[in-house]
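To start, the structure under review is shown below, and the notes come after it.
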There are 2 protein chains.
Amino acid sequence: MPKETFFNLPEEKRQHFLEIALAEFASHDYANASISRIVAQAGIAKGSFYQYFADKAELYRYLLELGAQQKAQFLATPPPEADMDIFAYLAWLAQTGVQFELAHPQLSQIGYRAVKSGDVPSELMQQARASAYTFFAQLVAQGKTQGSIDAQIDEELAAFIFHTIITELGGYLLSRVEENAADRLADGRSFFDSPAADLFNQTIHILQFGMGTR
Amino acid sequence: MPKETFFNLPEEKRQHFLEIALAEFASHDYANASISRIVAQAGIAKGSFYQYFADKAELYRYLLELGAQQKAQFLATPPPEADMDIFAYLAWLAQTGVQFELAHPQLSQIGYRAVKSGDVPSELMQQARASAYTFFAQLVAQGKTQGSIDAQIDEELAAFIFHTIITELGGYLLSRVEENAADRLADGRSFFDSPAADLFNQTIHILQFGMGTR
DNA sequence: CAGTCATATGACCGACCGGTCACATTCTAC
DNA sequence: GTAGAATGTGACCGGTCGGTCATATGACTG
């Protein structure tokens, strides 16, 4: 947690600093993100930074936490229908996740990096990854009781597949559809009216029914 | 390519150096891998290193190239049956890939890091990634003509899914089965006599038939 | 032997890093 | 006003980095 001094800062200055710090950690991994660059760009003295944060790691943890909060909030706001089919829910989840990526590309970047690389093997990240797996495992268990997922499927394995595909799908789809970035940010929905929407549904369809001929 | 001086080195010394360099790049990402540490550990002077390689990037590229060669050779040696079913071939591919990971964990680590993180966005890596995608896309096309893959499936999307799952599956399975590392290295087959073998088949089965109830 | 050439060496360079600290400035309360 | 606390500042520290270079070593030539 940042020091009290940081929260005593004028809202505007604090936000400005956070934006710059976020950009730095989004465009460099932990080791290469530079406090010196951040303070230079934010127009504050290096000493001041250390009156806000104990060290580099604290700033990093704080940014991750902010990102997790924002994403959780994003995924919670329009709660999906209660007794949705599990694959429909999965589709909704993936779709909303991509919308979050579009709305907050930097937050997504830093989160992705944190989960992917063992750069910062803090207990925090292991915990985050584990909870993501648990979440998907519960989803699969629920799908089984619903009867929409084959009871013979290994739950953890299915959770791994869901997690992996959903995590990577957004980046892949974005790399495939060359839409104007400004357009995308202007309205998340436009992305799903594009050819990408079909690819989305196809991915879920594959997880549900496979690629094999039937 | 290393300088000629490097290849004039006694075989033993060159191998020793490569082992140490490999360990360094396997345990640190590109930015944090240290030439100073490598030369200290290898017992050579820093200046000597720069008589072998033009710079850090050249060593890195060389290690990647060596790794790619070894993996290609590994995957080529026991060529699978010619007219294998596409999913059977996929299973063989994933299995053999994991065996390679077990046999050369450091090479796998450095390759994985290179593909995953945008750390070194050299044209070399983009090319490697693209060719991997192309490979899987061709596999899917072949599966379609074979009749084992649904003709309506988007080929590139299927390639993405294959590539993603296969890339991540090894690490996941290894994290699930807590086998003695020495045992694993001693005999690659033992891994597939373990519970992991079932998870393997299940993964391929899911890609072929999906998780949904039928 | 001398001359030459490939190779080995490690002190050294400039750059950058995260983090500190003595001091300057500003704010608050009396 | 003025005392004192809170906050801001940037030169500075020790350390590490990738990379250089003058010099030493030793092997091969004639």
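Values in this document were obtained by computation on a predicted structure and should not be read as measured data. Lettering follows sequence order; numbering is per chain, from 1.
- Ring geometry for Y62(A) against F53(A) counts as tilted: the plane angle lies between 30° and 60°, on a 0 to 90° scale.
- In this entry the distance linking NZ of K56(B) with P of dT16(D) reads 15 Å, nearest Å.
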Original post:
Given the rule that a pair is Watson-Crick or G-U wobble with both distances under 3.5 Å, how would you write DNA chain D in dot-bracket, using | for pairs to a different strand?
Top reply: |||||||||||||||||||||||||||.||
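- As rounded to whole Å, 16 Å separates atom P of dA5(D) from atom CD of E4(A).
- Spacing between atom CD1 of I44(A) and atom C1' of dG10(D) amounts to 12 Å, rounded to whole angstrom units.
- If you check every strand for non-hydrogen atoms under 4.0 Å, K13(B) touches sugar and phosphate atoms only.
- As a whole-Å value, the separation of E58(B) CD from dG18(D) P is 15 Å.
- Nucleotide dC5(C) holds its P atom 16 Å from the CG atom of N8(B), rounded to whole Å.
- One atom, NZ of K46(B), and another, P of dA11(C), lie 11 Å apart when rounded to the nearest Å.
- As rounded to whole Å, 19 Å separates atom P of dA15(C) from atom CG of N32(A).
- For the segment residues 48-55 of chain B, residues with any heavy atom less than 4.0 angstrom from an atom of DNA chain D are, sorted by number, Y50(B), D55(B).
- Minimum atom distance to the side chain of L9(A) is reached by dG8(D), of the listed dG18(C), dG8(D), dA8(C).
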